[in-house]
Amino acid sequence: MDSPTTAKPIPDRDTIALLPVFDRLGLDRISLVSNADTATHALAQLKGVHALGFDTESKPTFKVGDVSTGPHVLQLATIDHAWIFLLHDEAARDAAAALMVDARIVKAGFGLSDDIRFIVRKLGIEPQGILDLNAPFRAQGYRKDVGVKSAVALLFDRRFIKSKKAATSNWANPRLTEAQLSYAANDAYAAMRVYVALGFAS
């Protein structure tokens, strides 16, 4: 990235809206982890990787005083594939926990403080190897949190699409829709693409 004195300004919403769309993972490159067999397979594929894009999803709360029981979904992605862990399943939950406590694997994402707090509560673990991607942007002179949309615009000159309908959908549902799978997977995938573009090894 540019030095702090020459850092590109963060594009505004109108500018981002004019950019070409960022390439997304298709459903053929998204694996659902929802039982013992898929959990075992996911662990075998991910245990040796150096870094993963990371995010979580929780069923939204709409009433004052409601307490979130999330996260309900945890997503991890390499540079070309994503895994969606449904945390209502014990085997998927255990596999996600094993990956999250593995300090050898960097888990990179945006604005992760709530995600980590909820994971500690939900999984009873202390995640290791966490990198909030706002940190390297701050080191380059950006004073405000950048976020995935702005980061994709800055680094790739592309528009990252996030569906509000998917974002506010029921993530506690044991059967996710294709739109939910795509939304969750590509949040983690975009984080991984940004991680690599910032100069970190994949």
Side-chain angles (χ1 to χ4, degrees), residues 22-35 38-47 49-60 68-89 91-102 105-123 125 127-133 147-149 151-152 160-196 202:
F22 180 72
D23 291 337
R24 298 163 65 83
L25 290 179
L27 292 172
D28 59 325
R29 292 197 284 165
I30 300 171
S31 295
L32 184 63
V33 184
S34 58
N35 55 44
T38 53
T40 299
H41 188 59
L43 278 177
Q45 292 181 298
L46 294 175
K47 269 294 188 179
V49 301
H50 169 72
L52 293 164
F54 159 61
D55 201 6
T56 69
E57 307 297 339
S58 300
K59 179 182 178 180
S68 174
T69 59
H72 300 99
V73 173
L74 185 149
Q75 56 265 40
L76 298 169
T78 64
I79 203 68
D80 56 13
H81 200 94
W83 289 259
I84 308 299
F85 294 78
L86 299 189
L87 300 182
H88 70 270
D89 179 81
R93 197 163 58 245
D94 289 346
L99 292 163
M100 293 305 297
V101 298
D102 191 338
I105 304 174
V106 176
K107 275 75 69 172
F110 288 92
L112 298 179
S113 58
D114 284 344
D115 300 84
I116 299 306
R117 181 164 55 87
F118 290 160
I119 285 174
V120 170
R121 183 187 65 192
K122 181 94 169 191
L123 301 182
I125 61 166
Q128 304 295 317
I130 301 299
L131 173 64
D132 193 318
L133 289 168
V148 65
K149 287 184 177 181
V152 167
F160 183 69
I161 297 174
K162 287 175 73 78
S163 164
K164 186 175 181 180
K165 182 177 180 180
T168 58
S169 60
N170 182 9
W171 292 100
N173 195 324
R175 295 181 64 87
L176 298 184
T177 65
E178 290 185 356
Q180 286 177 308
L181 291 173
S182 178
Y183 178 97
N186 281 288
D187 261 2
Y189 171 66
M192 186 59 185
R193 289 282 305 274
V194 168
Y195 175 84
V196 173
S202 61

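We use all heavy atoms of the structure for the numbers below, so side chains are in, but hydrogens, waters and symmetry mates are not.
With rounding to the nearest 0.5 angstrom, the OH atom of Tyr189 is 6.5 Å from the CG atom of Asp23. From Phe54, atom CZ reaches atom CD1 of Ile105 across 12.5 Å, with rounding to the nearest 0.5 Å. In this structure, NE2 on His81 lies 8.0 Å from CG on Leu25, to the nearest 0.5 angstrom. Interatomic distance, Leu176 CG to Leu32 CG, rounded to the nearest 0.5 Å: 6.5 Å. Put simply, CG on Asp94 and CG on Leu99 are 11.0 Å apart, with the number rounded to the nearest 0.5 Å. Here CG of Leu131 is found 8.0 Å from CG of Leu112. Values are rounded to the nearest 0.5 Å.
Of the possible polar contacts, none joining the Lys59 side chain to the Gly70 backbone as a donor-acceptor pair under 3.5 Å is found. Side-chain atoms of Asp132 come within 3.5 Å of backbone N or O of Gly111 as a donor-acceptor pair.
With contacts defined as side-chain heavy-atom distances shorter than 4.5 Å, the pair Asn173/His72 does not qualify. Within the 4.5 Å cutoff, the side chain of Phe118 has no heavy atoms near those of the Leu74 side chain. Taking 4.5 Å as the limit, some side-chain heavy atom of Leu27 sits within range of a side-chain heavy atom of Ile30. In this structure the side chain of Pro71 reaches within 4.5 angstrom of the side chain of Ile119, judged on heavy atoms. The shortest distance between side-chain heavy atoms of Ser31 and Thr38 does not fall below 4.5 Å. Contact annotation: the side chain of Leu87 never approaches that of Val73 to less than 4.5 Å [non-hydrogen atoms, C-beta and beyond]. Side-chain atoms of Trp171 and Ser58, non-hydrogen and from C-beta on, never get closer than 4.5 Å to each other.
Across Ala91 and Ala39, no two heavy atoms sit closer than the pair O-CB, 3.6 Å. The two residues Met100 and Ile130 make their nearest non-hydrogen contact at CE-CD1, 3.8 Å. Closest non-hydrogen pair, Ala108 versus Ala191, comes out as O-CB, 3.5 Å. Taking each heavy atom of Ser169 and Ala166 in turn, the nearest pair found is OG-O, 2.6 Å. Of all non-hydrogen atoms in Val101 and Gln128, the two that sit nearest each other are O-CG, 3.6 Å. In this structure, Ser34 and Leu86 approach most closely via the heavy-atom pair CB-CD1, 3.9 Å.
For residues 106-119, the salt bridge (charged side-chain N to carboxylate O under 4.0 Å, His left out) pairs, not counting sequence neighbours, are Asp114-Arg117. Residues in residues 163-190 take part in these salt bridge (charged side-chain N to carboxylate O under 4.0 Å, His left out) pairs, two or more places apart or across chains: Lys162-Asp187.
Applying the side-chain contact (heavy atoms from CB on, under 4.5 Å) rule to Thr177 yields the partners Ala179, Gln180; only residues at least two apart in sequence or on another chain are considered.
No cation-pi contact links Arg24 to Tyr183, judged by a cut-off of 6.0 Å to the six-membered ring centre and 45° from its axis.
Within 6.0 Å of atom NE2 in His88, more than 12 heavy atoms from other residues, nucleotides or ligands are found, so the atom counts as buried in its surroundings.
Aromatic ring pairs are classed by plane angle as parallel below 30°, tilted from 30° to 60° and perpendicular above 60°; the pair Phe22 and Phe160 is perpendicular.
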Run the side chain to side chain contact (heavy atoms under 4.5 Å, CB included) check on Thr78 and Trp83 step by step: do they pass? CA-CA 9 Å; Thr78 64; Trp83 289 259; 3.7 Å; yes

